[in-house]
Amino acid sequence: MDADRIKEKLNILADAAKYDVSCASSGSNRKNSNKGLGDASNGICHSYTEDGRCVSLLKILLTNHCIFDCAYCVSRKSNDIKRAAFSVQEVVDLTINFYRRNYIEGLFLSSGIFKNADYTMERLVLVAKKLRTEQNFNGYIHLKTIPGASDDLMRLAGLYADRLSVNLEMPTEAGLKLLAPDKSRQDMINPMRFLKNELIQYAEEKKLFKSTPLFAPAGQSTQVIIGATRENDVQILHTADHFYKNYNLKRVYYSGYVPVLADKRLPDLNTAVPMVRENRLYQADWLLRFYGFNVNEIVDQQNPMLDLDIDPKLSWAIRNLHAFPVDINTAPLQMILRVPGIGRLSAQKIVGARKFARLNWEQLKIIGVATNRARYFITCNSNDFERRDLTGTRIKQFILAGSHSKYLRNKPGQLSIF
Amino acid sequence: MTRLIYDGTFEGLLTAIFEIYAHKLTRVSLQRGENNTSAMFENVIIVKTDEVRAGRVLKGLQKKLSPSGIGRLYIAHLAEIAGDENTLAGFIKYAFDSPVNIEKNFGNKYVQRVSEIVGMMRREKHRMEAFVRFQRLKDDIYYAGIEPDFNVLPLLNRHFKNRYADQKWMIFDSKRKYGLYYDLHDTQFVTIDFSEAHNPANVVSSFNAGEDLYQRLWQNYYHSANIPARKNTPLHLRHIPKRYWKHLTEKF
C-alpha cells in the first residue's frame, strides 16, 4: 500500500463526507457469535472533532467524482477540487485496521455518483459484502444508498448493512428542484418505500423462522439540509413527521447548511451556520419521538419558526399555561414529561419514587429535576409554590435571567430558592 | 462512634455489615484501607474479611434486593469514593429495614446517592469503551494504556471480549497498576510491572510494522472530519476532557 497516496485519498474523501451528519452506531443487534471481529449493539462515540461532533464511524466517500451538479454539494461536477477514489479493498483494509485499534464502531460509506446509480451502488455493496464474508466483520455498517439504484442492489445492501439511508437533501421538493436540478424527489422516495416494505417483510419472517438473516437491523434514516433554502420550521418538522409516520424511519437528521460554495441560489459565503436552529430542530424532533408531542403542538402557522431563545418544550408550556400547574404526585407520566425542566429519566424516577412517599422540592432536586424551570409549572408536597399569576413573557424572562450559565448556577454558596 | 476499617474489597464491606449487626452497633463509620487516623474517644474495629459472614449478608440482601440491585451495589463499591462506604452501609441498612424493595425510592438519600455513583461509574466505563486505543505490538498483541478516574477495568471485560474475539489484547490501568489480558480464549487480570513499556521509546520500538501508518492515518482522518466553520471548543472539551488526551492516538 502506497502510504502517501492512501493518506491523500483519505484526506480528500473524509473531508468530502463530513457534511453527512448521521453518526449513529446504535440500534443494531449484530452479535459476534462467529469468533470473528466486532459486534454492533451499543453505539459508542470514540472521539469528538473540534466542532464538538461525535466520531463513531469511519465516514468516507468511495469517490468524490460525481456526474451531478447539486449547488450545495462540495463534490458537484462543476466544482474545481481534487478528486479521488478508493478501491474496494482499500476501504476494507482501513475499516478493519481502524476497528481493531478501537478507533471506530464501523463504516459509514457514501459516494459521489460515477457513471450511474447502479454502478456506484454495486461497489458500495461490494465493500460491505467483503467485510462481512471475507473478514468476519460484525461491526456497524451504514451504507448511503444511491437514489435510483435498483431494488436488487438495495436488497443486497440490506443483507450486509446495519443501516441504510437515502438523503432527502432539501425539506421540500421545490427546494430540491432549485438546488439539485439533476435529482428527483421520487428517486429518493422509491428506495425508502422499498426498504420499508422489505423491513416489514423480514420482521414478519423472523417471527416464523429464527434463521431469517438480519436485514438492515438498525433501519433507515435520512438527512435534510436546513438554512440553504427558505423553508420554515413548520415545513421541516412536517416533512420529518411525515417520513417518521409513513416510512418508519429511525432518524431524521438536520444538517445546518455550511456555506462552501458561491452560488446566487445559496446563502452568502459569510453566512453563519444555523447551529442554534439546528439544535432546536433536534430538540423538537426528540419531543415528537419520545415525549408524545404532536407536530402541530410544537409549530403552527402562528408560530412557524422555533423559538431560538428557549427550547421547544418550554416554548410550548408558555403558550399553554392553562395546562399547568401539574401536581407531581398525581399527574400521569405523559403530563410530567411535558413539564419544562423534567427529562425522560427524571419523569420515570418521579413515577417510581412517588409510590413510596409524596415528593417535595428537595426530593425533586435529588431526582435531577431542573427546579429553576420546573417551579413555574408544578406543585408538589409543599406549601411553597409559585402563587403569582405570571404571564408567559414574565416566566420566560425569569428563566432566561436565571440561566446565563448552567455552571454558574451550581456555584457553591449560591442561595437556592427553596 | 465506632469506626470499622475493612480491606476495600466487596467481601470486606459485607463482612463489616455483619459486624455492625452482630455487635448491634448504632453509630458507625466505615473506612477502607489501613488509614488508622483514629480520633480519640472512638472505637475502632479492624474488620477481617470473612467469606462465610460476607456470604450470609449477601444472602440476606438477595431477599431484599433484585439481582440488578445487588449488581449496582457492587458497581458503586468499585468507585472507591472515600466517604461513600457509609452510603453503601446506609443503603444496605435501609434495604434490610424495609419490608418492601426500596431500589426505586429515589427520594431517599442513600438510594439516590447509589444511583448517582452508579451513573458516574457507567459513564466512566462507557468512556473507557470509547477511549481505549489499541496499539499493535510486534508479538501481535493489541495493547492499550488507560488511567480512568474510577476502577472500571473489571467492568470492561465483557465488552472487549465480545468485541475483539479474534485478536490478543491487553488493557492496562497504569494508575492502579494492573491489567486485563485476553489470549484468544479467556481473560485474566495481570499485574506485570509495565514501567518499562511505558517508556515511549520502548513502546515505539515494539510496534508492529504498519502500526505507525495506521496511527497517522487515524490522525489524518480525525483532522479531515472537522468542520472549522462549526468550531465549538467548550463542547469539544465537555466530550473529551483533557485528562484523557494522552492516551488518545488522535490527540498525541
Side-chain angles (χ1 to χ4, degrees), chain A residues 1 3 6-7 10-15 17-19 31-32 34-39 41-42 44-56 58-60 94 97-98 100-103 136 139 256 258-260 272-273 275 349-350 352-357 359-360 362-363 366-368, chain B residues 98 100 102-109 111-113 115-116 126 129-136 142 144 159-167 169 184 210-211 213-218 220-240 248-251:
Chain A
M1 184 155 57
I6 197 90
K7 234 189 281 176
L10 184 59
N11 288 352
I12 294 171
L13 296 169
D15 190 79
K18 69 190 178 189
Y19 300 100
K31 293 268 175 298
N32 186 351
N34 51 8
K35 268 273 175 187
L37 175 64
D39 63 1
S41 45
N42 305 309
I44 295 178
C45 304
H46 286 272
S47 196
Y48 294 85
T49 50
E50 283 173 16
D51 53 41
R53 290 172 316 133
C54 133
V55 181
S56 87
L58 170 62
K59 194 185 288 182
I60 48 175
L94 273 175
N97 276 290
F98 278 11
R100 287 199 181 283
R101 287 166 178 77
N102 204 39
Y103 299 161
N136 239 341
V258 181
V260 282
V273 183
M275 297 215 290
K349 278 186 168 180
I350 287 170
R354 72 186 183 187
K355 291 187 187 127
F356 292 88
L359 304 173
N360 58 29
E362 206 44 57
Q363 288 163 321
I366 290 178
I367 280 171
Chain B
S98 165
V100 295
I102 48 91
E103 286 164 45
K104 283 200 160 58
N105 188 4
F106 298 104
N108 175 280
K109 66 175 177 179
V111 178
Q112 177 52 32
R113 178 64 185 160
S115 156
E116 207 176 333
H126 189 75
E129 287 167 0
F131 296 159
V132 155
R133 295 286 178 266
F134 287 116
Q135 302 181 312
R136 188 178 179 186
Y142 286 78
H159 173 83
F160 284 101
K161 208 175 150 182
N162 282 342
R163 176 159 296 211
Y164 297 108
D166 72 341
Q167 70 190 41
W169 51 262
L184 298 179
E211 177 55 31
L213 171 66
Y214 283 107
Q215 291 195 7
R216 278 185 296 138
L217 285 173
W218 173 240
N220 272 26
Y221 173 73
Y222 178 72
H223 293 297
S224 298
N226 182 38
I227 301 178
R230 298 180 60 117
K231 189 177 167 72
N232 189 345
T233 308
L235 186 61
H236 176 65
L237 289 175
R238 196 147 78 229
H239 287 313
I240 23 178
L248 292 173
T249 313
E250 63 273 29
K251 288 289 188 185

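Each chain gets a letter, A, B and so on, in the order its sequence line appears, and its residues count up from 1. Predicted model, so just to flag it, every value in this text is computed and none were measured.
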Max heavy-atom pairs within cutoff under 4.5 Å with chain B, candidates A:K355, A:E50, A:Q363, goes to A:E50
Give the minimum heavy-atom separation between B:L235 and A:D51, together with the two atoms involved. CD2-O, 4.1 Å
Cut-off 4.5 Å, heavy atoms of chain A, and the answer for B:E116 is neither
Kindly indicate, with the supporting measurements, whether the criterion side chain to side chain contact (heavy atoms under 4.5 Å, CB included) is fulfilled by A:V258 and B:I227. CA-CA 9 Å; A:V258 181; B:I227 301 178; 4.2 Å; yes
Against chain B, label A:F98 side chain, backbone, both or neither, depending on which of its atoms sit under 4.5 Å from a heavy atom there. side chain
Under 4.5 Å, counting heavy-atom pairs only, tell me which of A:A17, A:C45, A:G36 racks up the most with chain B. A:G36
Which value, rounded to the nearest 0.5 Å, describes the distance between A:L37 atom CG and B:Q167 atom CD? 6.0 Å
Closest non-hydrogen contact found for A:S47 with B:I240 is OG-CD1, 4.1 Å
Minimal non-hydrogen separation, B:V100 against A:F356, with atom names: CG2-CE2, 4.2 Å
Among A:L94, A:L58, A:N11, A:N97, find the one that has a side-chain contact (heavy atoms from CB on, under 4.5 Å) with B:L217. A:L94
Taking every non-hydrogen atom, the tightest pair across B:G107 and A:I366: O-CD1, 4.5 Å
Options A:R100, A:K349, A:K18, A:K35, ranked by heavy-atom pairs under 4.5 Å with chain B, top entry: A:R100
Quick one: of B:K104, B:E250, B:R133, B:K231, who has the most non-hydrogen atom pairs under 4.5 Å with chain A? B:R133
If I take atom CD from residue B:Q215 and atom CZ from residue A:R101, how far apart are they, to the nearest 0.5 angstrom? 7.5 Å
Of the backbone (N, CA, C, O) and the side chain (C-beta and beyond), which part of B:L237 lies under 4.5 Å from a heavy atom of chain A, both, or neither? neither
For A:R53, is it the side chain, the backbone, both or neither that has a heavy atom under 4.5 Å from a heavy atom of chain B? side chain
Let me know if B:R216 has heavy atoms under 4.5 Å from chain A in its side chain, its backbone, both or neither. side chain
Please identify, among B:R113, B:H223, B:E129, the residue contributing the most non-hydrogen atom pairs under 4.5 Å to chain A. B:E129
One pair to check against side chain to side chain contact (heavy atoms under 4.5 Å, CB included): A:I44 and B:H159. What are the steps and the verdict? CA-CA 12 Å; A:I44 295 178; B:H159 173 83; 3.5 Å; yes
Considering the options B:W218, B:F131, B:Y142, which one meets the ring pair (Phe, Tyr, Trp, His ring centres under 6.0 Å) requirement together with A:Y103? B:W218
Side chain, backbone, both or neither of B:V111 within contact of chain A (heavy atoms, under 4.5 Å): neither
Quick one: of B:A229, B:A130, B:P228, B:G210, who has the most non-hydrogen atom pairs under 4.5 Å with chain A? B:A130
How close do B:L213 and A:A3 get, heavy atom to heavy atom, and via which atoms? CD1-CB, 3.6 Å
Tell me, side chain or backbone of B:T249 under 4.5 Å from chain A's heavy atoms, or both, or neither? side chain
Does B:F106 reach the side chain of A:L359, with side-chain heavy atoms less than 4.5 Å apart? no
Which pair of non-hydrogen atoms, one from A:K59 and one from B:Y221, has the smallest distance, and what is that distance? N-OH, 2.7 Å
Hey, is B:K161 close enough to A:D39 for a salt bridge, meaning N to O under 4.0 Å? no
Check against side chain to side chain contact (heavy atoms under 4.5 Å, CB included), B:R163 and A:N32: CA-CA 7 Å; B:R163 176 159 296 211; A:N32 186 351; 5.9 Å; no
